Amino acid sequence: MKLDATDLRYVTPDEFRVLTAVEMGSKNHEIVPTVLITQISGLRNGGVNKLIGSLAKRNLVSKVQNSKYDGYRLTYGGYDYLAMRTLSKRDSMHSVGNQIGVGKESDIYIVADADGTEMVLKLHRLGRISFRAIKQKRDYLGKRKSASWMYMSRLSAQKEWAFMKVLHEHGFPIPRPIDQTRHCLLMEFIDAYPLRQISEVPSPGKLYSALMDLIVRFAHAGLIHGDFNEFNILIRRETGEPVVIDFPQMVSTSHENAEWYFNRDVECIRTFFRRRLRYESTLYPRFKKTISDDGVATGDFRLDVMVAASGFKQKDMKILEEYMEAVKKDESEGSEEDQGKEESEDDETSEGEEDSDEDSDVGSEVDDDSKPKQKVREPSASEDE
Ligand code: ADP
Ligand code: MG
């Protein structure tokens, strides 16, 4: 999908009211009835239809004909627009540049502030892959049947923001988080190569130790990255120092599967160094030695506790985790055709949205055969949006 910064200028105040009405309506409606849009927007009926039409033409909303009623829903484009408008109103960002990454669950753009300083805008796109697994998990969402890509993507961005804030404040080598709204996160641009593009380093042993030390440092602070691999480690062009990115799956060291996640992070690095850099060491961190017996982090501060206190709710963390586990499970079990079929039956992917989940560039090569034990949990439904 293209982001068009010029759109930021071409939405009239009345169109904006209508678009906002669609967003508000979609909190309780998968398909927002036209009458409700009219009601929320507080504009006259005839006028609203025209305004919706012009938004639909630009793919900010899309029309859905339902057996019960006709209505609209916000598209990715519409949600992107609303988020970027907020960031731009806050003076956090001014213009949109090139897309530099398409992940399974995000789109990454270079953007700039008014001074021309480049930043990275990460648009979280959960739910682009498959909703089949989520359908089975609907109970967790309680009344929020329309939990949808919009809700999950927003949770993911909020979680990443909460973690990036505390990590950055405590001096971890990560991009500086700048702003966040809806499914978007704005952060510092790092002039670097992803580790996956690197086939030679001057001193593999030194980089290896630096990365393992980082895993240990995270754990001492009560955290496990959870996706610590060559895709999520950037190597600074100038200094060769590693910078870690991508935090939506971070877990606490007191998580029930903490050791499994920790070991997987360690294994990812060992495997990459062995295969790509022909470097192997008998030294690597062990979970039990890294944290104390009761699973408590041994460092001076507990970032997992700080994140919990930061306002990102434990309940939301659970919902997101259920989603991520479900998607992973679905990916490893479901065939492609299956997924396609399920998706078209499902009401939640917008028409015209691409399902470009084929991106060998981003993702993990880690063998996911050994799943963590999955306990059945019953997080309460989240209706407080
Ligand atoms: P995903 O969740 O889709 O994997 P990531 O946060 O890992 O998203 O980002 C995807 C890619 O975008 C990275 O591999 C990297 O190449 C690029 N990228 C992400 N954040 C930054 C950043 N702050 N600076 C430079 N490049 C970045
Ligand atoms: Mg990534």
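One-based numbering, in listed order, for ligands and for the atoms of each. Please read these numbers as outputs of a predicted model, since none were measured by experiment. The figures here come from the full heavy-atom set of this structure, side chains too, leaving out hydrogens, waters and symmetry mates.
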Practice item. Please work out whether the ring planes of His225 and Phe218 are parallel, tilted or perpendicular, with thresholds of 30° and 60°. Key: tilted
Review point. So is Glu105 polar-close to ligand 1, meaning N/O to N/O under 3.5 Å?
Key: no
Point to revise | Contact check, His124 vs ligand 1, heavy-atom distance below 4.0 Å | key: no
Review point. Is there a donor in the side chain of His183 and an acceptor in the side chain of Gln158, or the other way round, less than 3.5 Å apart?
Key: no
Exercise for review: Flag yes if Leu320 and Leu167 sit in one hydrophobic cluster, no otherwise; membership is Ile, Leu, Val, Met, Phe, Trp, Tyr, and two members link when side-chain heavy atoms are under 4.5 Å apart.
Suggested key: yes
Practice item. Determine, for Phe172 and Arg217, whether the Lys NZ or Arg CZ falls below 6.0 Å from the six-membered ring centre while staying within 45 degrees of the axis. Key: yes
Check your understanding: Mind checking whether Glu160 has an N or O less than 3.5 Å away from an N or O of ligand 1?
Key -> no
Review point. Nearest heavy atom to atom 11 (C) of ligand 1: which of Val102, Ile190, Ile108 does it belong to?
Key: Ile108
Study note, to complete from the structure: If we number the atoms of ligand 1 from 1 as shown, the ones under 4.0 Å from a heavy atom of Phe231 are 14 (O)
Check your understanding: Looking at Lys122, which atoms of ligand 1 are within less than 4.0 Å of one of its heavy atoms?
Key -> 2 (O), 5 (P), 6 (O), 8 (O)
Revision key, fill the gap. Counting from 1 in the order shown, the ligand 1 atoms closer than 4.0 Å to a non-hydrogen atom of Glu188 are 22 (C), 23 (N)
Check your understanding: Would you say the side-chain atoms of Asp265 and Asn263 include a donor-acceptor pair closer than 3.5 Å?
Key -> no
Check your understanding: Are Ser199 and Arg276 linked by a side-chain donor-acceptor pair shorter than 3.5 Å?
Key -> no
Review point. Considering only heavy atoms of Arg196, which atoms of ligand 1 have at least one such atom less than 4.0 Å away?
Key: 14 (O)
Exercise for review: Check whether any heavy atom of Pro175 sits under 4.0 Å from an atom of ligand 1.
Suggested key: yes
Practice item. Any chance you could measure Leu155, atom CG, to Lys315, atom NZ, to the nearest 0.5 Å? Key: 10.0 Å
Study note, to complete from the structure: By side-chain hydrogen bond (donor to acceptor under 3.5 Å, both in side chains), Asp191 pairs with (sequence neighbours left out) Arg237
Practice item. Please state which part of Asp191 comes within less than 4.0 Å of ligand 1, counting heavy atoms only: side chain, backbone, both or neither. Key: neither
Exercise for review: Using the Mg ion (ligand 2) as the apex, give the angle to atoms OD2 (Asp246) and OD1 (Asn232), rounded to 10 degrees.
Suggested key: 90°
**Study point:** Ligand-residue contact atoms, ligand 1 with Pro194, heavy atoms, under 4.0 Å
**Key:** 16 (O)
Exercise for review: Pick whichever of Leu121, Asn229, Asp246 has a heavy atom sitting closest to atom 2 (O) of ligand 1.
Suggested key: Asp246
Review point. What are the atoms of ligand 1, with element, lying closer than 4.0 Å to any heavy atom of Ser106?
Key: 1 (P), 2 (O), 3 (O), 8 (O)
Practice item. List for me each residue that meets side chain to side chain contact (heavy atoms under 4.5 Å, CB included) alongside Ile245, sequence neighbours excluded, and say none if there are none. Key: Pro175, Asn232, Leu234
